[in-house]
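These notes are about the structure you will find just below.
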Amino acid sequence: VQLQASGGGPVQAGGSLRLSCAASGSIFRSNIMAWYRQGAGKERDLVAHISNGGRAQYVDAVKGRFTISRDNTKNTVYLQMTRLTPEDTAVYYCNRYPALSRWGQGTQVTVSS
């Protein structure tokens, strides 16, 4: 499955990161795309999703801090994360919404206090 997330890394609390995820056309095209995250010892949870037309929705924990966007010409979805907290520490993945059964490589985000 061609889903490649990138852009993670270590950051201090209050900082920002921008994640990118390149998908194959068959996965991306005309589909709702989403970001998910999985903290250590936790289940993978939805963070945000965006329709092909750009309508975005967020879970309460990230509303007002994270912004999901997409570039349909590049089959790429982005997640701009601001005002990060240690609770945002996780591996971040992109996938369709609802998610496909197969997942690509995620990107680790580590927020230190």
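- Contact check for Y97 versus I50: no side-chain heavy atoms found under the 4.5 Å cut-off.
- Separation of atoms CE (M33) and SG (C94) is listed at 5.0 Å; rounding is to 0.5 Å.
- A cation-pi contact, defined as under 6.0 Å to the ring centre and within 45° of the axis, links R70 to F28.
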Derivation and outcome, side-chain contact (heavy atoms from CB on, under 4.5 Å), residues D45 and V59: CA-CA 9 Å; D45 292 325; V59 297; over 6 Å; no

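- Scanning both residues, A13 and P86, for their nearest heavy atoms gives CB-CD, 4.2 Å.
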Trace of the side-chain contact (heavy atoms from CB on, under 4.5 Å) decision for F66 with L84: CA-CA 9 Å; F66 291 10; L84 286 160; 3.8 Å; yes

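- Relative to the six-membered ring of Y78, R18 meets both conditions, a distance below 6.0 Å and an angle of at most 45° to the axis.
- S26 places no side-chain N or O within 3.5 Å of a backbone atom of S24 that could act as its donor or acceptor partner.
- Although no hydrogens or angles enter the test, the distance criterion places no donor-acceptor pair under 3.5 Å between the side chain of N52 and the main chain of I32.
- For the pair D88/R65, a side-chain contact is recorded, criterion being any heavy-atom separation below 4.5 Å from C-beta on.
- Between T107 and V91 the shortest side-chain heavy-atom distance does not fall below 4.5 Å.
- For the atom pair CG (N95) and NE2 (H49), the distance works out to 13.0 Å, reported to the nearest 0.5 Å.
- With hydrogens and angles ignored, the 3.5 Å screen pairs no side-chain donor or acceptor of S16 with any backbone N or O of T82.
- Ring pair W103/Y36: centre-to-centre distance below 6.0 Å.
- The closest side-chain heavy-atom distance from V109 to L19 is below 4.5 Å.
- The CG atom of N72 lies 12.0 Å from the NZ atom of K74; values are rounded to the nearest 0.5 Å.
- The closest side-chain heavy-atom distance from W35 to Y93 is not below 4.5 Å.
- With a 4.5 Å cut-off on side-chain heavy atoms, R37 and V62 count as touching.
- If you take OG on S113 and CD on E87, they are separated by 9.0 Å, rounding to the nearest 0.5 Å.
- Proximity of V77 to I68: side-chain heavy atoms (C-beta onward) are separated by under 4.5 Å at one or more points.
- To the nearest 0.5 Å, the span separating CD on Q108 from CD on Q38 amounts to 10.5 Å.
- Using modelled atom types, one side-chain atom of D71 and one backbone atom of T73 make a donor-acceptor pair closer than 3.5 Å.
- Side-chain contact between L46 and Y58 is absent, with no heavy-atom pair separated by less than 4.5 Å.
- The two residues L17 and G9 come nearest to each other via the heavy atoms CD1-O, 3.8 Å.
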